[in-house]
A.B. asks: 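Sharing a structure, written as structure tokens. Questions coming.
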Amino acid sequence: MLTLTSDIPSPYHRLRAGGKLAALCIATVALFWLDTVAGMAAGLAAVAGLYLVPGWRFFRQGLRLLTPVWFFVALVLVWHVVMGQAMAGLVIALRLIAAVALANLVTMTTRFDDLTDVVMWLLTPLRKLGLNTAPLGFAIVLVVRFIPVLLDKAHKLIEAWRARSARRVGWQIALPITLIAIDDAEHVAEALRARGGMSPPDDT
Amino acid sequence: MERQITLIALFAALIAVLGLVPKFTLASGIPITAQGMGIMLCGTILGARRGALAVLLFLGLVALGLPLLAGGRGGLGVFAGPTVGFLIGFPIAAFVTGWITERMRGTPVFPAALIAAILGGILVLYIPGILGMTAMLDMTLAQASLSMAPFIPGDLIKAGLAAALTASLYKARPASVLSRA
């Protein structure tokens, strides 16, 4: 499964996922406290510096992940210049880039499995209260598996349509795709039940 | 239990797959993606609680770094971005859509799901979305609301499709439409 984790080695990959997440929370709060152009520029420069440590290629990869943000940056700048508050606009635009880039940095350098482990660890208090958190882990695995299966089935149905009809594939294809998916899900549920289900081993 | 979890996981996957459907552009030049329809379907088919859980599961996977949002976006960055309001609105929208569908049991499926998808999947979704944009981009409420207007026709089409799909599914597999079961 494709993830956003970068394959370019960086010193951040070795840091613990939980620590990175905690640092991200603190840094993001700090970014929202800073309210001057100079402070924001320094913040953004620091983030850019973090991206440059692993090298130029890593930096460029980070820039690519920021693509969706530029539209909003332009929107904010234009809006504030029109309103005659260019400086305020600049602070918001810089903060937006820095906050998103910082969060992306954690995503780029932390493996999916490690983040899942942090989530399961965060749920420990619920487990102590007697709640069964195993279904969540189950559900995560199921979704990751369902996505390629669904895509594959949808492709097959679309190809079958194209082979038999001169018309373009229309929205009607959604019903058979959903039907197959739901039937599959029912089968998976049955198979899970047949193999002992999702209850934790200690109360069976 | 197993059935509920698998259906919730399936719909989380469905939202992701719908995000991969290539966006098509309306006559007005605004691109629309099918992802919002996935949110509506979670509500109209799974009902309030399970629909919201499916959306939360989907968002959790996005936060964990899977590029599942429309356009291949994902990771923690999207939760620091200007569209975070819509992400917060997704599970609320699915819940309200499901709640209305469940409450309108006396009405045939298509009109019930249509009304639910419009109220839950559009109106309820836009409120946190607009608030999020005003907060993140320092816009006025009016400005942010106005910027949403071009998306309404596309969202109405999606609500129509979601309702039609729910109605046909109810004919084919009534037991799987949990909001009516």
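First the proteins, then the strands, lettered A, B, ... as listed; each starts at 1. No experiment lies behind these values; they were computed from the predicted model shown.
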A.B. asks: Only heavy atoms, only distances under 4.5 angstrom. Which residues in residues 82-98 of chain B are near chain A?
C.D. replies: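 Heavy-atom contacts from residues 82-98 of chain B to chain A are B:Pro82, B:Thr83.
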
A.B. asks: Do any of residues 6-14 of chain B have a heavy atom less than 4.5 Å from a heavy atom of chain A, and if so, which, in residue order?
C.D. replies: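 Residues of residues 6-14 of chain B touching chain A at under 4.5 Å: B:Thr6, B:Leu7, B:Ala9, B:Leu10, B:Phe11, B:Ala12, B:Ala13, B:Leu14.
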
A.B. asks: In terms of heavy-atom pairs under 4.5 Å with chain A, which of B:Ala63, B:Gly75, B:Ser147 leads?
C.D. replies: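 Of the options given, most contacts go to B:Gly75.
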
A.B. asks: Please look at B:Ala164 and chain A and tell me whether the side chain, the backbone, both or neither of the residue comes under 4.5 angstrom of a heavy atom of that chain.
C.D. replies: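 Contact with chain A is through the side chain of B:Ala164 alone.
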
A.B. asks: Taking atom CZ of A:Arg127 as the centre, does the number of heavy atoms from other residues, nucleotides or ligands within less than 6.0 Å exceed 12?
C.D. replies: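 Yes, enclosed.
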
A.B. asks: Under a 4.5 Å cutoff for heavy-atom pairs, which residue among B:Leu137, B:Leu161, B:Leu41, B:Leu169 has the most contacts with chain A?
C.D. replies: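 Max contact count across the listed options: B:Leu137.
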
A.B. asks: Would one find more than 12 heavy atoms of other residues, nucleotides or ligands at under 6.0 Å from atom CZ of A:Arg193?
C.D. replies: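 More than 12 heavy atoms, drawn from other residues, nucleotides or ligands, come within 6.0 Å of this atom.
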
A.B. asks: Most heavy-atom pairs under 4.5 angstrom with chain B, which of A:Ala88, A:Ala103, A:Ala185, A:Ala101?
C.D. replies: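 It is A:Ala103.
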
A.B. asks: Quick check for you: to the nearest 0.5 Å, what is the distance between A:Thr178 atom OG1 and B:Leu165 atom CG?
C.D. replies: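 Those atoms lie 4.5 Å apart.
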
A.B. asks: So which heavy atom on A:Leu4 is nearest to which on B:Pro67, and how close?
C.D. replies: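 Shortest heavy-atom separation between A:Leu4 and B:Pro67 comes out as CD2-CB, 3.7 Å.
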
A.B. asks: Does any non-hydrogen side-chain atom of B:Leu76 lie less than 4.5 Å from one of A:Leu21?
C.D. replies: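 In short, these two side chains touch, coming nearer than 4.5 Å.
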
A.B. asks: Is it the case that more than 12 heavy atoms not belonging to B:Arg3 sit under 6.0 Å from its CZ atom?
C.D. replies: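 Result for CZ/B:Arg3: enclosed.
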
A.B. asks: Between A:Thr116 and chain B, which part of the residue has a heavy atom less than 4.5 Å away: side chain, backbone, both or neither?
C.D. replies: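 Contact with chain B is through both the backbone and side chain of A:Thr116.
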
A.B. asks: Heavy-atom distance under 4.5 Å to chain B: side chain of A:Leu66, backbone, both or neither?
C.D. replies: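 No part of it gets close to chain B.
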
A.B. asks: Taking the side chain as C-beta and beyond, is there a heavy-atom pair between B:Glu2 and A:Glu190 under 4.5 Å?
C.D. replies: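 Not touching, per the 4.5 Å side-chain cut-off.
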
A.B. asks: Heavy atoms only, distances under 4.5 angstrom: which of A:Leu175, A:Val76, A:Leu142 has the most pairs with chain B? Name it, please.
C.D. replies: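 Heavy-atom pairs under 4.5 Å are most numerous for A:Leu175.
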
A.B. asks: Got more than 12 heavy atoms from elsewhere within 6.0 Å of CZ, A:Arg145?
C.D. replies: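 No, not enclosed.
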
A.B. asks: Between A:Pro135, A:Gly89, A:Ala93, A:Ala17, which has the largest tally of heavy atom pairs under 4.5 Å with chain B?
C.D. replies: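 Option with the top pair count is A:Pro135.
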
A.B. asks: Flag the one option from A:Thr110, A:Leu192, A:Leu179 with the top tally of heavy-atom pairs under 4.5 Å to chain B.
C.D. replies: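 Heavy-atom pair counts peak at A:Leu179.
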
A.B. asks: In terms of heavy-atom proximity below 4.5 Å to chain B, should A:Ile97 be classed as side chain, backbone, both, or neither?
C.D. replies: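 No part of A:Ile97 comes within 4.5 Å of chain B.
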
A.B. asks: Given the options B:Arg73, B:Met139, B:Gln143, which has more heavy-atom pairs under 4.5 Å with chain A than any of the others?
C.D. replies: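 Most pairs with chain A among the choices: B:Gln143.
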
A.B. asks: Measure the CG-CD1 distance between B:Asp138 and A:Ile92 for me, rounded to the nearest 0.5 Å.
C.D. replies: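 If we round to the nearest 0.5 Å, B:Asp138:CG and A:Ile92:CD1 are 3.5 Å apart.
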
A.B. asks: Between A:Leu115, A:Thr5, A:Val106, A:Leu65, who has the most heavy-atom pairs with chain B when the cutoff is under 4.5 Å?
C.D. replies: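 Ranked by contacts with chain B, first place is A:Leu115.
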
A.B. asks: To the nearest 0.5 Å, tell me how far A:Ile147 CD1 sits from B:Leu68 CG.
C.D. replies: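 A:Ile147 atom CD1 to B:Leu68 atom CG measures 4.5 Å (nearest 0.5 Å).
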
A.B. asks: Looking only at non-hydrogen atoms, find the nearest pair between B:Gly77 and A:Asn104 and report the distance.
C.D. replies: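 Minimum heavy-atom separation between B:Gly77 and A:Asn104: CA-OD1, 3.4 Å.
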
A.B. asks: Select one option (side chain, backbone, both, neither) describing which atoms of A:Val119 are under 4.5 Å from chain B's heavy atoms.
C.D. replies: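 Side chain only.
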
A.B. asks: Identify the heavy atoms of A:Ala139 and B:Leu57 that sit nearest to each other, and give their distance.
C.D. replies: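 Smallest heavy-atom distance, with atoms named: CB-CD2, 3.7 Å.
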
A.B. asks: If you round to the nearest 0.5 Å, how far is CZ of A:Phe72 from CE of B:Met133?
C.D. replies: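 One gets 6.5 Å once the value is rounded to the nearest 0.5 Å.
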
A.B. asks: For residues B:Leu64 and A:Thr107, determine if any side-chain heavy atom of one lies less than 4.5 Å from a side-chain heavy atom of the other.
C.D. replies: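 No; the side chains remain at least 4.5 Å from each other.
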
A.B. asks: Tell me, out of A:Ala154, A:Ala181, A:Ala174, who's got the most heavy-atom pairs with chain B below 4.5 Å.
C.D. replies: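 Answer, by heavy-atom pair count under 4.5 Å with chain B: A:Ala181.
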
A.B. asks: For B:Arg105, I'd like to know if atom CZ has over 12 heavy atoms of other residues, nucleotides or ligands within 6.0 Å.
C.D. replies: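 Atom CZ in B:Arg105 is packed in, count exceeds 12.
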
A.B. asks: Please examine the side chains of B:Leu61 and A:Phe112, heavy atoms only from C-beta on, and report whether any two atoms are closer than 4.5 Å.
C.D. replies: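 Sidechains of B:Leu61 and A:Phe112: in contact.
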
A.B. asks: Within the structure provided, determine whether B:Arg173 and A:Asp183 are in side-chain contact (heavy-atom separation under 4.5 Å).
C.D. replies: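 B:Arg173 vs A:Asp183: side chains touch.
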
